[in-house]
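Letters A, B, ... are given to chains in the order of the sequence lines, protein chains preceding strands, and every chain is numbered from 1. Side chains included, hydrogens not; waters and symmetry mates left out as well; all remaining heavy atoms used.
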There are 4 protein chains.
Amino acid sequence: MTDLGDMPGGKTMKPRPRAAGQRDPARTRTAILDAATLEFTAKGLTGARVDTIASRSGVNKRMIYHYFGDKEGLYLAVLEETYSAIRMAEVELHLADREPMDGIRTLIEFTWNYFIAHPEFLSLLANENMHRAKYLRQSERVRALHSPFIDTITQLLRRGEKAGLFRRGIDAVQLYISIAALGFFYMANQHTLSTIFGRDLVTPDQLAGRGAHIVEVVLAYLAPPASNRKPPAVRRSPRGKSPS
Amino acid sequence: MTDLGDMPGGKTMKPRPRAAGQRDPARTRTAILDAATLEFTAKGLTGARVDTIASRSGVNKRMIYHYFGDKEGLYLAVLEETYSAIRMAEVELHLADREPMDGIRTLIEFTWNYFIAHPEFLSLLANENMHRAKYLRQSERVRALHSPFIDTITQLLRRGEKAGLFRRGIDAVQLYISIAALGFFYMANQHTLSTIFGRDLVTPDQLAGRGAHIVEVVLAYLAPPASNRKPPAVRRSPRGKSPS
Amino acid sequence: MTDLGDMPGGKTMKPRPRAAGQRDPARTRTAILDAATLEFTAKGLTGARVDTIASRSGVNKRMIYHYFGDKEGLYLAVLEETYSAIRMAEVELHLADREPMDGIRTLIEFTWNYFIAHPEFLSLLANENMHRAKYLRQSERVRALHSPFIDTITQLLRRGEKAGLFRRGIDAVQLYISIAALGFFYMANQHTLSTIFGRDLVTPDQLAGRGAHIVEVVLAYLAPPASNRKPPAVRRSPRGKSPS
Amino acid sequence: MTDLGDMPGGKTMKPRPRAAGQRDPARTRTAILDAATLEFTAKGLTGARVDTIASRSGVNKRMIYHYFGDKEGLYLAVLEETYSAIRMAEVELHLADREPMDGIRTLIEFTWNYFIAHPEFLSLLANENMHRAKYLRQSERVRALHSPFIDTITQLLRRGEKAGLFRRGIDAVQLYISIAALGFFYMANQHTLSTIFGRDLVTPDQLAGRGAHIVEVVLAYLAPPASNRKPPAVRRSPRGKSPS
DNA sequence: GATGAATGAGTGTTCATTCAT
DNA sequence: AATGAATGAACACTCATTCAT
């Protein structure tokens, strides 16, 4: 799957498009998955209707059960596909080959832009958390994707530290969560935020402004403390124990 | 959670609590609302079951329709109550009376702690966005809550600017969204994050660590650019029990 | 209640209208009955809603049960009131005092006009038949009304026979059923008839035309066989208007 | 009732009747329709229970929604089927090929006998009028059935006129309504009529007597005025336009 | 592989009626 | 007499899933 977004935004055509309704397992599977992503994104697991997915994908309802077992199996497949897409796109950034500052900035901007382009990822993630990750937890495929990703960020941070560009001791998970958080919250909750603040938050200008803001926030945090551009004696532990 | 979270906003108890099932409209209404908040939080609007809410609240199902019209009416009532609770708690912080740095830090810590103590707020918010704020948008009551809140933050920022503590031109909405984002994403998506990163993110230590991180990130951003700032007094311990 | 139409078409005001909501048993009862007639007429026994009757009559729902026992009791009361009204109006025609031809013609015209003015009578009657007269059969009051009515018509027919105006042996019940039928079917089924025949059957012209037709049909039947009759003076237009 | 009344219109049996509950869409549809006709006839649209229809027809309740959309859709289908049945039976009378007097007499007798054999038609019609023909009006199929029917009667009347058998200017719609009325009212309201007149109106003798009465009434009306068996100068217009 | 008919356990909602005040 | 809260049994309709072809 070369894809990354062969779904919401640009269906890639099969090279030899056969007559519709004919036997073409791969095509049938993909059609179901595409329709399902749309439906689960819009309605959540509970709200999604198997009938709707069947009719939108143009395949017989029975095929869904044939390929994915049941509704939950289909949901899990959508989840894996969606997570897989973002992680694979991140691999394409070749962060390991970049200068620390460039690497981080690239990651921040990519993440923000990906969230703008892929609302289905945000929706699915929010929905899966309502189910306390019950389904994601079953997926070994997804778990395997993240370890190398975090390793890459960690290396970037360590290199930046040594170069005196970043403050010491930054945790890659903590940092990535913050990068994602600043974009996710804004996009995923755009409807309630626009409502309570009485401002349309997703105009091109607003989006550009938010992107710049996110970069500023993260870079300000990464910069070594002002007092001494050399590493500060004070180190804080992002997780437990505490220094004392 | 001391009392702040008597569920949705802390209804005061009736002076003479009578036996349940008796004639007590206020109590009946509250019982329904409490059970509904739990159910909508756990299952979303679609997944929630009216029967479950009825049996958990110990009232006859018919009463739900009597007091709230229908399931959606009940959902909206829960939404209003929940939003109202956090905004009212924020009022109690008396941010307008505080020094800029103290005010902002108080807001950050309060927000983080509130999200920890009130998972129902996070869930409801996520769910409401799946519905594109269809219900929240109907509520005039909720909209009215936010204008003064943003005004207060704006004043805090302006005062901090003049004192040379904060960088110039920070937008209150943008800042508040970031403060909320850093906590919201972590708590709301704790299940998927814990899964993909293979780390339990909600141990007391982890929570404390995240709190410290959030404070650091936000304060680093607020500080005026290095060229013209006086070194900030390093302050820490944004975690621990803290004010709340 | 002097009634005869103090319901659908001209509520008679109480002489001393007291403040609404006050204690006035008679007024409460009448208010319920009026609202109930409207509701049962429009929706039938099954379709009628006790709540609707209560709110339309402006009395508490409990009062309905107080005065009429239950929904069926109220329905029966409406039924009795409605039947009673038409029979009492017929008494006012003083058929016994009229010449045979005048008497019959008066009866035909009265019946037709009554059906036009009292759609509630038609509806209730149709509805009661769907229930196979289950409720009407319980009413002794209604049964007692009809015997004298048929006697009157019988006498009219016998007098007309002797005068050589009517054919011999006409059965009063059969005749009355036909008189009622020709008007009832037209008015009661006006909606389906207008639909299938693509013609609005209840314009003033159409109603006048139908009235004339009914008189013609019945009088043609009443006339003695051609061999031994004196040509009837051709009379038309049962009331006013004329064909137009 | 020979076969004319295989319920709603006389569906032809499947050549190889399979065991019930098997896969046989046509049979399932018919079974639902038959049970529904019974239920709507007995209880009306509001009073009818979908569960009852399902269990009586021996099909799963879900099938009703599969084939007819909802309760109202099923009701409309029953309505169409029922109207269609009587109009199709009328076509079989071949009125256009008959002598005027024979044709009219045949129509009168057929109508009367049809009403006796098909109480469901009467009930449905009465019920549909309580809804002000809301459903019938949606049916184009039904509307199309009536125009040719009225044309046929009109031709019959015109031929009779020329032969000096019928009075001039009789309106086919008006006449047909009267023919139907004289039978409909008697049969449809048999329960209330039997009650108030204290006479069982549906014994074989009574039915035969009523049939004879209806023929007499209609034929008396059709006959040219007595004064001149040749067309009378006096012409009355039962509908509009005026005599002139 | 593919189809659409068939199923049974729910789902939100309504209703006549009663109870406590 | 009058009120409005409370109730439980339905009711129309839905849904994921399976079966026969």
Exercise. Can you tell me how far the OG atom of Ser57(A) sits from the CZ atom of Arg27(A), to the nearest 0.5 Å?
Worked result: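 Answer for the OG-CZ pair, Ser57(A) versus Arg27(A), is 12.0 Å.
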
Exercise. Got a second to check how far Leu33(D)'s CG is from Tyr67(D)'s OH, nearest 0.5 Å?
Worked result: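 Those atoms lie 12.0 Å apart.
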
Expressed in angstrom and rounded to an integer, what is the separation of [X] atom [atom1] from [N] atom [atom2]?
| X | N | atom1 | atom2 | answer |
| --- | --- | --- | --- | --- |
| Glu39(B) | dT11(E) | CD | P | 11 Å |
| Ile64(A) | dC15(F) | CD1 | C1' | 13 Å |
| Asn60(D) | dA16(F) | CG | P | 16 Å |
| His66(C) | dC19(E) | NE2 | C1' | 16 Å |
| Phe68(A) | dT18(F) | CZ | C1' | 19 Å |
| Leu74(A) | dC15(F) | CG | P | 16 Å |
| Met63(D) | dA12(F) | CE | P | 18 Å |

Exercise. Got a sec, which residues hit side chain to side chain contact (heavy atoms under 4.5 Å, CB included) with Asp70(D), two or more places apart in sequence or on another chain?
Worked result: Tyr65(D), Glu72(D)

For this session: Tell me, please, which residues at least two apart from Asn129(B) pass side chain to side chain contact (heavy atoms under 4.5 Å, CB included).
Result: Asn189(A), His191(A), Thr192(A), Leu125(B)

For this session: Kindly say if Thr28(C) contacts the phosphate of dA1(F), meaning a side-chain N or O under 4.0 Å from OP1 or OP2.
Result: no

Polar pairs (N or O, both sides) under 3.5 Å between protein and nucleotides 13-16 of chain E?
residue	atom	partner	partner atom	Å
dT13(E)	OP2	Tyr65(B)	OH	3.1
dT13(E)	OP2	Lys71(B)	N	2.9
dT13(E)	O4	Lys61(B)	NZ	2.4
dC15(E)	OP1	Arg49(C)	NE	2.5
dC15(E)	O5'	Arg49(C)	NE	3.4
dC15(E)	N4	Arg62(B)	NE	2.2
dA16(E)	OP1	Ala48(C)	O	3.0
dA16(E)	OP1	Arg49(C)	NH1	3.3
dA16(E)	OP1	Lys71(C)	NZ	3.1
dA16(E)	OP2	Val50(C)	N	3.3

Exercise. Pick from Asn127(A), Leu74(A), Leu76(A): which one makes a side-chain contact (heavy atoms from CB on, under 4.5 Å) with Leu45(A)?
Worked result: Asn127(A)

For this session: Could I get the full list of salt bridge (Lys or Arg N to Asp or Glu O under 4.0 Å) partners for Arg56(A), not counting sequence neighbours?
Result: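 Arg56(A) satisfies salt bridge (Lys or Arg N to Asp or Glu O under 4.0 Å) with Glu39(A) once adjacent residues are dropped.
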
Exercise. Could you spell out the base pairing of DNA chain F in dot-bracket, with Watson-Crick or G-U pairs whose two distances are under 3.5 Å, [ ] crossing and | to another strand?
Worked result: .||||||||||||||||||||

Exercise. What do you reckon, is CZ of Arg132(A) surrounded by more than 12 foreign heavy atoms closer than 6.0 Å?
Worked result: no

Exercise. For Tyr67(B), which contact category applies under a 4.0 Å heavy-atom criterion: base, sugar-phosphate, or nothing?
Worked result: sugar-phosphate

Problem set entry | Minimum heavy-atom distance Tyr75(C)-Phe40(C), with the two atoms named |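 So the two residues come closest at CA-CE1, 3.6 Å.
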
Problem set entry | Test ring-ring contact (aromatic ring centres under 6.0 Å, His included) applied to Phe68(C) - qualifying residues, sequence neighbours left out | none

